[in-house]
Amino acid sequence: AAVVPGGGSRYTAVQHAAAALVKHLQLMIKAGAMTFPGSSGADGCGAGQEIFPTSYGNALGFDAATKVVELGGGTPTAATLAALVSKLQALPGKTVVVLATDGGPNCNDAAMCDASECMENIEGCLPQDDCCALGKNCCATSGPAGPLNCVDHQPSVQAVAALAAAGIKVYVVGIRGRLA
């Protein structure tokens with residue numbers, strides 16, 4: 001994983017920040033956690049899965065559950081947020097989502113993009129791919145990154161809008177850069 005200032009990977013930085021927030025607010029909030037991708041299958045793009053059920057005053061449990069996450073796969077933001085709407089609507093009281101991510105939204109096999117919206121072109125090609133050096137779109141249908149690595153703007157914005165329409169605010173925390 002890419003190293004961030006202070007040591008660790010981008011995910012480690014996000015995890016530490018989320019755990020610190022939950023610890024600070026644990027007597028005022030119920031916190032839960034999902035990771036994405038979830039059961040990802042061959043393409044690494046499965047919608048997120050719950051790793052820590054919503055609970056009150058359990059910062060240590062939240063920290064422990066989020067520390068053992070195995071990294072890998074894409075960032076199916078739209079699919080994960082869409083899967084959360086009904087579950088979050090069922091929770092009593094005010095509900096907010098803190099979307100903490102170490103990658104841009106992708107994983108839409110119907111997406112089409114040029115090189116300026118291709119995650120691999122944006123972050124740099126993997127060593128075995130020469131499409132960046134050749135100035136090609138790595139997310140072309142026949143490209144090494146394929147359409148799954150196009151930035152999934154519109155569906156992700158629509159998923160956030162669906163949460164907002166349900167009265168649920170979404171706050172996004174992200175760290176950019178390539179996982180190596």
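Just so you know, these numbers come straight off a predicted model, no measurement behind them. Position 1 is the first residue of the sequence; numbering continues from there.
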Taking a hydrophobic cluster as the set of Ile, Leu, Val, Met, Phe, Trp and Tyr residues connected by side-chain heavy atoms closer than 4.5 Å, whether directly or through intermediates, do [X] and [Y] fall within one such cluster?
X	Y	answer
Val85	Val160	yes
Val172	Leu25	no
Val69	Met34	no
Leu88	Val170	yes
Leu163	Leu99	yes

Closest non-hydrogen atom pair between [X] and [Y], with its separation:
X	Y	value
Thr66	Ala33	CG2-CB, 3.9 Å
Val151	Met119	CG2-SD, 3.4 Å
Gly61	Phe52	C-CE1, 3.3 Å
Phe36	Gly48	CB-CA, 3.7 Å
Tyr56	Lys30	CB-CG, 3.8 Å
Cys118	Ala145	SG-CB, 4.4 Å

Would you find a donor on one side and an acceptor on the other, under 3.5 Å apart, between the side chain of Asp114 and the backbone of Asn137?
no
Side-chain donor/acceptor of Asp109 to backbone N/O of Pro147, under 3.5 Å
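No; zero donor-acceptor contacts below 3.5 Å.
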side-chain contact (heavy atoms from CB on, under 4.5 Å), that's the test. Do Leu148 and Asn106 meet it? Break it down for me.
CA-CA 6 Å; Leu148 286 175; Asn106 59 12; over 6 Å; no
Nearest-0.5 Å distance, [atom1] of residue [X] to [atom2] of residue [Y]:
X	Y	atom1	atom2	answer
Asn121	Cys113	CG	SG	8.0 Å
Ile168	Leu81	CD1	CG	10.0 Å
His16	Tyr11	NE2	OH	9.5 Å
Leu84	Thr95	CG	OG1	11.0 Å
His153	Asn108	NE2	CG	12.0 Å
Tyr171	Leu21	OH	CG	11.0 Å

Starting from the C-alpha separation in whole Å, work towards a yes-or-no answer on side-chain contact (heavy atoms from CB on, under 4.5 Å) for Gln49 and Thr35.
CA-CA 6 Å; Gln49 63 188 32; Thr35 59; 4.2 Å; yes
Given side-chain contact (heavy atoms from CB on, under 4.5 Å), test Thr77 with Thr80 step by step and report yes or no.
CA-CA 5 Å; Thr77 306; Thr80 299; 6.0 Å; no
Regarding [X] and [Y], I want to know if their SG-SG distance comes in below 2.5 Å, which is how I'm defining a disulfide.
X	Y	answer
Cys131	Cys125	no
Cys138	Cys132	no
Cys139	Cys150	no

Stepwise, does the side-chain contact (heavy atoms from CB on, under 4.5 Å) test hold for Met112 with Thr141?
CA-CA 8 Å; Met112 298 298 289; Thr141 304; 4.3 Å; yes
Is it true that, when you exclude Leu60 itself, more than 12 heavy atoms of the residues, nucleotides or ligands shown sit nearer than 6.0 Å to its CG?
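No, because the 6.0 Å sphere around CG of Leu60 holds 12 heavy atoms or fewer from other groups.
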